[in-house]
J.: 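I am attaching a structure below and will ask some questions about it afterwards.
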2 protein chains.
Amino acid sequence: MMRLTRAGEYGVRAALHLANQPEGKITFVSEISEKQDVPRHFAAKVMQLLVRSGVVRSHRGVKGGFTLARPASKITLKDVIEGVEGQIFLNLCLIKKGECPRDDTCPVHLIWREAQDKLMEILDGVTVAELAETGRALEKKMSKKKR
Amino acid sequence: MMRLTRAGEYGVRAALHLANQPEGKITFVSEISEKQDVPRHFAAKVMQLLVRSGVVRSHRGVKGGFTLARPASKITLKDVIEGVEGQIFLNLCLIKKGECPRDDTCPVHLIWREAQDKLMEILDGVTVAELAETGRALEKKMSKKKR
DNA sequence: TTTATTTAGGATATAAAAGGTCTTAATTAT
DNA sequence: ATAATTAAGACCTTTTATATCCTAAATAAA
């Protein structure tokens, strides 16, 4: 249905949560789960995916947990989403040349390529650090409104 | 998984096939199915969806079949895809204000809005008529190459 | 008016993906 | 040693995707 999965969404929340923690702090899954409204066990699974794809680093044992694998300013939204979901392809025909036998003569293929490139440009054009900062600004604005 | 469904893809093929037929010709499902590599019964179902969404017109009975509901130059790629799949939303939070409780303070929401708008702009910016013409040009080019 | 052909609509079936839970093992600070 | 924590993967349930099939309705033509 051409939509981000919950796992993808949860991964983004987790990355943002980590970006908002003090430098060097190791964060428990339980904290991510509670603060970001992500089911406990599902969060653990998503974190595993992010570890494997090199976005976050894990620390086992007592006082173990997760940190970002590199500065938040070096992690893009695309890194996180593809870290969880695998590479994004808006249409089968984009996976690789020859995946669709109609490749050579299909005029729609070109449009999908354009859309795909544009989407990647947008997702890869914003870092977790930037998102975290925008998030903090929005929080501030909202708390003012409430008063 | 953020990908166009087969139904969506088949709908596009069907619309393109109709656009390539002579003015006024009524086309059977069987022809669409064979020429566009779409399973027969699945094609019939997709055509129904396109009829309901007003992209295609049906004609029952002997010599019945399908035609485009309006000139191909008035039908965009978006019309066809959403005609089959329903409205596209890249993330749940875009469906409507309040769908995601984190709406107000989620910084990612803004990025999804941007991506969604861009995608819609691209899909709505090309008509079935244009695609059909590009398709014919590609066919010509490829048949030359073969020789 | 009958018949053959075609779409309409919906029921059904199967497989895959999404979404979530649980258990056991490995690791490690205390 | 012990308790706390992630790692890995098995497992489960629901939803979506991808079809197929059957009956009804429409209609052109015989």
J.: Please determine, for the side chain of B:Arg52, which listed nucleotide (C:dG9, C:dG19, C:dT5) has the closest atom?
T.: C:dG9
J.: Applying the 4.5 Å side-chain criterion to the ILVMFWY set and letting contacts propagate, would B:Leu49 and B:Val51 be lumped into a single cluster?
T.: yes
J.: Check the distance between D:dA25's P and B:Lys63's NZ and give it to me in whole angstrom.
T.: 25 Å
J.: Over how many whole Å does the gap from B:Arg6 atom CZ to C:dA17 atom C1' extend?
T.: 16 Å
J.: More than 12 heavy atoms of other residues, nucleotides or ligands under 6.0 Å from CD of A:Glu31: is that the case?
T.: yes
J.: Taking the nucleotide of DNA chain C with the closest heavy atom to each, which residue, B:Met2 or A:His41, is nearer the 5' end?
T.: B:Met2
J.: Rounded to the Å, how far apart are A:Leu49 CG and D:dA8 P?
T.: 11 Å
J.: A:Ile26 has an atom CD1; how far is it from atom C1' of C:dA29, in whole Å?
T.: 11 Å
J.: Does A:Ser58 put a side-chain nitrogen or oxygen below 4.0 Å from OP1 or OP2 of D:dT5?
T.: no
J.: Which pair of non-hydrogen atoms, one from A:Val128 and one from A:Val80, has the smallest distance, and what is that distance?
T.: CG2-CG2, 3.9 Å
J.: Could you tell me how far apart B:Phe42 (CZ) and C:dA13 (P) are, to the nearest whole angstrom?
T.: 18 Å
J.: Tell me whether the side-chain N/O atoms of B:Tyr10 come closer than 4.0 Å to OP1 or OP2 in D:dT18.
T.: no
J.: Between C:dA18 atom C1' and A:Glu9 atom CD, what is the distance in whole Å?
T.: 15 Å
J.: Write down the distance between CZ (B:Phe28) and P (C:dT6), rounded to a whole number of angstrom.
T.: 4 Å
J.: Closest-nucleotide mapping onto DNA chain D: is B:Arg40 or B:Val62 further toward the 5' terminus? I mean the 5' end.
T.: B:Arg40
J.: Treating Ile, Leu, Val, Met, Phe, Trp and Tyr as nodes and any side-chain heavy-atom pair under 4.5 angstrom as an edge, say whether A:Leu123 and A:Met2 lie in one connected cluster.
T.: yes
J.: Does B:Met47 reach a base, just sugar-phosphate, or nothing at all? Heavy atoms under 4.0 Å.
T.: nothing
J.: Reckon A:Gly61 touches a base, only the sugar-phosphate, or nothing at all at heavy-atom distances under 4.0 Å?
T.: base
J.: For A:Pro39 and A:His59, find the nucleotide of DNA chain C closest to each by heavy atoms; which residue's nucleotide sits nearer the 5' end?
T.: A:Pro39
J.: Please report the distance, rounded to the nearest Å, between CD in B:Glu85 and P in D:dT15.
T.: 20 Å
J.: C:dG10, D:dA8, C:dA17: which one has an atom nearest the side-chain heavy atoms of B:Met1?
T.: C:dA17
J.: Please give me the minimum heavy-atom distance between B:Glu82 and B:Ile88, naming the atom from each residue.
T.: OE2-N, 3.0 Å
J.: Under 3.5 Å, is there an N or O donor on one side and an acceptor on the other linking the side chain of A:Lys45 and the base of C:dG20?
T.: yes
